[in-house]
Structures are given as C-alpha cells and as structure tokens.
Amino acid sequence: MQTLSPLLNPPENEQILLTQAQRLAGYTLGELATLARLPIPKDLKRDKGWIGVLLEVWLGASAGSKPEQDFAALGIELKTIPVDRLGRPLETTFVCVAPLTGNTGVSWETSHVRHKLKRVLWVPVEGERQIPLAQRHIGTPLLWTPSEEEEQQLRQDWEELMDLIVLGQVERITARHGEVLQLRPKAANSKALTNAFGADGAPILTLPRGFYLKKNFTAALLARHFLL
DNA sequence: TACTGATCATGT
DNA sequence: ACATGATCAGTA
C-alpha cells in the first residue's frame with residue numbers, strides 16, 4: 001500500500017503531473033495540509049494564496065515567487081479555482097500584471113496573457129466560505145489548452161484593453177470592459193502606484209492593473225470538460 | 001447576491 | 001516596486 005505523498009521535485013512529464021493531481025481529488029485541504037506538515041490558517045483573509053501554495057507543494061511546483069510558469073519544463077501553469085457545489089467559479093482568475101508602459105509594438109502573439117494561458121492545469125477546490133477551510137475538498141483536475149474560439153475571445157479583449165492603455169485611457173477602463181478578460185487593480189493597496197501615460201501623453205501615476213479571467217469564461221471551460 | 005474595486009502575505 | 005499565490009468585502 002503506497003501512502004500519498006507530495007512530489008518533492010518537478011514532475012518529469014505531463015502524465016506524472018496529471019496523475020498526481022488526479023490522486024488529490026477527493027481529499028480535503030486539511031488532510032493534504034497535515035500530510036505535508038503545512039500549518040492550516042483559520043481562514044483565507046490573511047492567507048489568500050494558501051491553497052495555491054499547498055497545491056504547489058503537492059504537485060512539485062517550484063514554490064515561491066519566480067517569474068516563470070509553475071512547471072517551466074512542461075510549459076504548464078497551475079491554477080487553483082474556488083468553485084461552488086455545482087462546480088461553478090466563485091472568483092475571477094488572476095492571469096498576470098498588465099504592462100502600462102513600454103507597449104510600443106506589443107502583440108497578442110507575444111503577450112504575457114497568451115503565454116500564461118497556453119496550457120493550464122486547473123484544480124477546482126470547494127470555496128464556499130460556510131465550509132471550514134480544512135474541510136474543503138479538492139476536485140477533479142483539468143489540463144487545458146485554449147480552443148481556437150477561446151483564444152479569439154481572449155485576443156479580442158486583450159487587444160481592446162491594450163489599445164486603451166496605449167491611448168492613455170487606462171484610468172477610464174473598468175472591470176466591465178471585455179467579455180472574458182477584464183482589467184482590475186492588482187496591488188498591495190490603493191496607495192501603491194505605478195507609472196503610466198495619460199490621455200495627453202504625459203506620464204501619470206496610477207494603480208497597477210492585472211488581467212483577470214471573468215467567471216463566465218472559466219465556468220464555460222470547466223463545464224465543457226465536466227459536462228461534455 | 002453578483003460584481004467591481006481593494007486588499008493580504010511573502011520573496012526578489 | 002513588482003513578481004508569485006489569490007480572496008475580501010462594500011455596494012449596486
């Protein structure tokens with residue numbers, strides 16, 4: 001009888017990664033945290049990334065804040081996604097920070113968004129706050145690559161948002177822009193500012209922004225897998 | 001109650 | 001300040 005244990009090194013291939021992720025399905029966060037000897041916070045208020053770190057440990061991702069894909073050798077990004085009892089996303093999904101300067105000549109093909117989403121291992125986790133953190137279950141993982149339709153949706157929103165940024169309209173962008181991809185603040189707080197350009201072309205200080213996948217998009221990609 | 005704008009921890 | 005990991009929480 002083999003005991004479930006965290007991967008100590010990056011998985012050597014996709015199959016090993018996927019198999020390990022599938023093994024975790026059905027376990028609770030409390031069980032996995034105890035086995036990995038990771039302290040369990042009371043809730044996520046001050047540990048918003050805790051579930052992500054826990055899964056990184058179990059799947060052998062090089063944990064920490066390196067500007068790489070989680071499984072660089074495999075070209076795979078890991079995303080945990082909080083879902084309700086029906087498997088629908090409870091939150092938007094952060095993709096990457098949006099570049100507000102130095103965007104002359106940037107294209108969708110070479111964008112960070114496209115690179116990040118090229119191949120993603122989605123791990124659904126029960127996320128309803130009424131369920132104590134330790135009792136939330138891991139769901140069935142999904143190794144995903146954007147379909148042509150999904151990539152076109154992403155590309156259209158990305159180009160529209162980047163056009164506004166380049167035109168100095170970043171402060172007029174709200175989370176309502178974009179059908180599947182949105183731009184929202186991504187900062188420690190509202191006092192953290194970064195450089196951008198205003199409508200008149202002059203430099204301005206503004207909140208750092210990030211690209212996020214809207215829930216309708218992640219809901220559809222999860223449903224396509226689990227209902228089809 | 002869904003959504004948008006704001007926020008939390010940690011490491012480089 | 002910015003990258004990693006995201007969720008919180010006020011208000012429409």
Side-chain angles (χ1 to χ4, degrees), chain A residues 6 10 21 29 32-33 36 38-72 76-86 88-103 111-113 115-117 120-134 136 138-139 157 161 170-196 203-220:
Chain A
L29 297 179
L32 295 185
L38 203 67
I40 307 169
K42 178 177 183 292
D43 55 48
L44 297 178
K45 288 181 184 176
R46 299 195 159 265
D47 296 88
K48 298 182 179 182
W50 182 78
I51 298 176
V53 171
L54 176 64
L55 270 293
E56 284 181 348
V57 169
W58 276 93
L59 297 175
S62 40
S65 51
K66 300 184 187 64
E68 299 178 329
Q69 286 165 310
D70 297 290
F71 306 99
I76 295 174
E77 176 74 14
L78 173 67
K79 289 288 183 195
T80 60
I81 183 165
V83 296
D84 66 15
R85 64 187 62 189
L86 298 178
R88 297 174 304 195
L90 289 166
E91 293 288 346
T92 56
T93 302
F94 173 71
V95 181
C96 60
V97 168
L100 302 184
T101 58
N103 284 314
S111 68
H112 288 304
V113 171
H115 185 247
K116 279 274 185 181
L117 299 179
V120 178
L121 179 63
W122 296 97
V123 180
V125 179
E126 285 183 331
E128 288 171 332
R129 292 186 213 178
Q130 62 187 204
I131 308 173
L133 186 57
R136 300 182 192 175
I138 304 288
D157 286 348
L161 292 166
V170 62
E171 295 193 312
R172 298 179 61 166
I173 299 174
T174 77
R176 279 158 287 241
H177 284 83
E179 295 292 323
V180 300
L181 190 70
Q182 63 183 180
L183 197 75
R184 307 215 312 275
K186 164 65 173 174
N189 55 60
S190 59
K191 278 83 181 175
L193 301 176
T194 191
N195 291 107
I204 61 170
L205 284 176
T206 191
L207 252 38
R209 312 299 163 94
F211 286 110
Y212 294 79
L213 297 177
K214 290 190 171 185
K215 287 194 279 185
N216 62 342
F217 184 80
T218 47

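Source: prediction; values computed, not measured.
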When the distance from [atom1] of [X] to [atom2] of [N] is rounded to whole Å, what number comes out?
X        : N     : atom1 : atom2 : result
A:Glu68  : C:dT4 : CD    : C1'   : 11 Å
A:Asn195 : C:dC2 : CG    : C1'   : 13 Å
A:Glu171 : B:dA6 : CD    : P     : 11 Å
A:Glu128 : C:dT7 : CD    : P     : 13 Å
A:Asn189 : C:dC2 : CG    : P     : 13 Å
A:Leu29  : C:dT7 : CG    : P     : 11 Å
A:Leu133 : B:dC8 : CG    : P     : 19 Å
A:Lys191 : C:dC2 : NZ    : P     : 18 Å

Please list, chain by chain and in numerical order, all residues satisfying salt bridge (Lys or Arg N to Asp or Glu O under 4.0 Å) with [X], sequence neighbours excluded.
X        : answer
A:Arg129 : none
A:Asp43  : none
A:Lys45  : none

Please classify the nucleic acid contact of [X] as base, sugar-phosphate, or nothing, using heavy-atom distances under 4.0 Å.
X        : value
A:Ala187 : base
A:Leu90  : nothing
A:Glu77  : sugar-phosphate
A:Ile51  : nothing

message: Other residues, nucleotides and ligands only: do more than 12 of their heavy atoms fall within 6.0 Å of NE2 on A:His177?
response: yes
Within 6.0 Å of CD in A:Glu128, more than 12 heavy atoms from elsewhere: yes
With a 4.0 Å limit, can you tell me whether [X] has a side-chain N or O closer than that to the phosphate oxygens OP1/OP2 of [N]?
X        : N     : answer
A:Lys116 : C:dT4 : yes
A:Thr194 : C:dC2 : yes
A:Thr93  : C:dA6 : no
A:Arg129 : C:dC8 : yes
A:Thr92  : B:dT4 : no

Side-chain heavy-atom pair [X], [Y] within 4.5 angstrom cut-off:
X        : Y        : answer
A:Ile138 : A:Leu29  : yes
A:Leu181 : A:Phe217 : no
A:Leu78  : A:Trp122 : no
A:Val170 : A:Arg209 : yes

task: Please answer whether the main-chain N or O of A:Pro39 pairs with a side-chain N or O of A:Trp50 as donor and acceptor at a distance below 3.5 Å.
output: yes
query: Quick one: does A:Lys186 reach the base of B:dG5 with a side-chain donor-acceptor pair under 3.5 Å?
result: no
- line: The bend of the helix from B:dT1-C:dA12 to B:dT12-C:dA1, taken between the axes of its five terminal pairs at each end and rounded to 10°, is 30°
- request: Kindly point out which of C:dT4, B:dG5, C:dC2 is positioned nearest to the side chain of A:Arg184?
  value: B:dG5
query: Among C:dT4, B:dA6, B:dT4, which is the nearest nucleotide to the side chain of A:Tyr212?
result: B:dA6
Mind listing the N/O atom pairs, protein and nucleotides 10-12 of chain C, below 3.5 Å?
none

- prompt: Could you give the distance from OG (A:Ser111) to CG (A:Leu117), rounded to the nearest 0.5 Å?
  reply: 8.5 Å
task: Could you pull out the closest heavy-atom pair between A:Leu59 and A:Phe71, with the gap in Å?
output: O-CE2, 3.3 Å
query: Have A:Thr218 and A:Arg88 got a donor and an acceptor in their side chains that come within less than 3.5 Å?
result: no
- request: Please work out which residues in residues 40-49 of chain A have a non-hydrogen atom less than 4.0 Å from an atom of DNA chain B and list them by number.
  value: A:Lys45, A:Arg46, A:Lys48
